[in-house]
Amino acid sequence: MLNICTWNVNGIRACHRKGFLDWLKKEQPDLLCLQETKAHPQQLAAELRQPPGYHTWFASAAKKGYAGTALYSRRSPRKVFPGLGIQEFDDEGRTVVADYGHFVIIGGYFPNSQPEGRRLDYKLAYNAAVLERCQELRGQGREVLICGDFNAAHTPIDLFHPKANEKNPGYLPEERAWVTHALSTGLHDIFRERHPGEPGHYTWWSYRARSRDRNIGWRLDYFLVTPGILGHVAQVSHLSGVLGSDHCPVKLLLDL
DNA sequence: CGTAATACG
């Protein structure tokens, strides 16, 4: 069984202080895709930069304290690509791609579209680039997992206040439509497929107004998988993570 | 409200 987790840690150093390594030791994911590490590897304590039993790779933003993704892996991938090979996205450390032979995993920190849709074009270009890489790989006969913080809730049941957020970043029609488009290429939103029609399953809660206590949240973190992976999905779940973080980890168990 | 450097989510 393969345990694959994705988690927006909102600052890996802050997450470290809240018990990241205890979580890692308890959960023992085989593969862990992290988003919003907000640090360069040189800024991390050795125990965090490379915990016992793990290989680690970092894709960092040029801007200090901003964005950043990482892959923590107990297994040795065939190859790791710290980026998409597209400068405007790799400069923000948004992607880690790793080839594990029977599948390729793409861990992405999809851009926030910003108020007034200021960065919507950038976001849609990133989304398209991820999907294009996925299609390339599928064209080569590969199975693909796309995971990470999509910064988008797909449908009304994926956030507590759909009506009030129709003009807000993360729930714009264009952002929602892209998820629909991704699914139309044959990718499967495996968490939703296992909880059809069920509201209240969120992965992010605002720090404001004790939103998490009241479960006023959004489902922003996903696993999309190609059809050949579907039959191997044993379980998909939202974990609790560490106390005091705004995103929870999403866990996928694959019988591979 | 929180992270990590004064912007971003």
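Throughout, protein chains are lettered first and strands after them, A, B, ... in sequence-line order, and every chain is numbered starting at 1.
- Applying the side chain to side chain contact (heavy atoms under 4.5 Å, CB included) rule to A/S206 yields the partners A/W204, A/R208, A/S211; only residues at least two apart in sequence or on another chain are considered.
- The interatomic distance linking A/D213 (CG) with B/dG2 (C1') rounds to 15 Å, in whole Å.
- Within the nucleic acid shown, A/K64 comes within 4.0 Å of sugar-phosphate atoms alone, with no base atom in reach, counting heavy atoms only.
- Residue A/Y122 contributes atom OH, which lies 14 Å from atom C1' of B/dC8 at whole-angstrom precision.
- Rounded to a whole Å, the OH atom of A/Y66 is 18 Å from the P atom of B/dT3.
- Nearer the 5' end of DNA chain B, as judged by each residue's closest nucleotide, is the contact made by A/S206, out of A/S206 and A/K63.
- We find that CG of A/D246 is positioned 17 Å from P of B/dC8, with the value rounded to whole Å.
- The distance between the ring centers of A/H201 and A/F191 falls below 6.0 angstrom.
- Atom P of nucleotide B/dA4 and atom CD of A/Q35 are separated by 15 Å, given to the nearest angstrom.
- Rounded to the nearest Å, the gap between the P atom of B/dA5 and that of B/dC1 is 22 Å.
- A/R13 has a side-chain polar atom (N or O) that falls below the 4.0 Å cut-off from OP1 or OP2 of B/dA5.
- Residue contacts for A/I12: at a heavy-atom cut-off of 4.0 Å it reaches the sugar-phosphate backbone alone, with no base atom in range.
- A sub-4.0 Å separation between OP1 or OP2 of B/dG2 and a side-chain N or O of A/R17 is absent.
- When the P atom of B/dC8 is taken as reference, atom CD of A/E36 falls 12 Å away, rounded to whole Å.
- When ring centroids are compared, A/W57 and A/F81 stay outside the 6.0 Å threshold.
- Side chain of A/A14, nearest nucleotide from B/dA4, B/dC1, B/dC8: B/dA4.
- Residues satisfying the salt bridge (Lys or Arg N to Asp or Glu O under 4.0 Å) criterion with A/D30, sequence neighbours excluded, are absent altogether.
- B/dA7 atom P lies 15 Å from atom CZ of A/R119, rounded to whole Å.
- Taking the C1' atom of each, B/dT6 and B/dG2 are spaced 14 Å apart, rounded to whole Å.
- Separating the CG atom of A/N8 from the P atom of B/dA4 is a distance of 11 Å, rounded to the nearest angstrom.
- Screening A/K38, A/K18, A/Q35 for a side chain to side chain donor-acceptor pair (under 3.5 Å) with A/N10, the sole residue that qualifies is A/K38.
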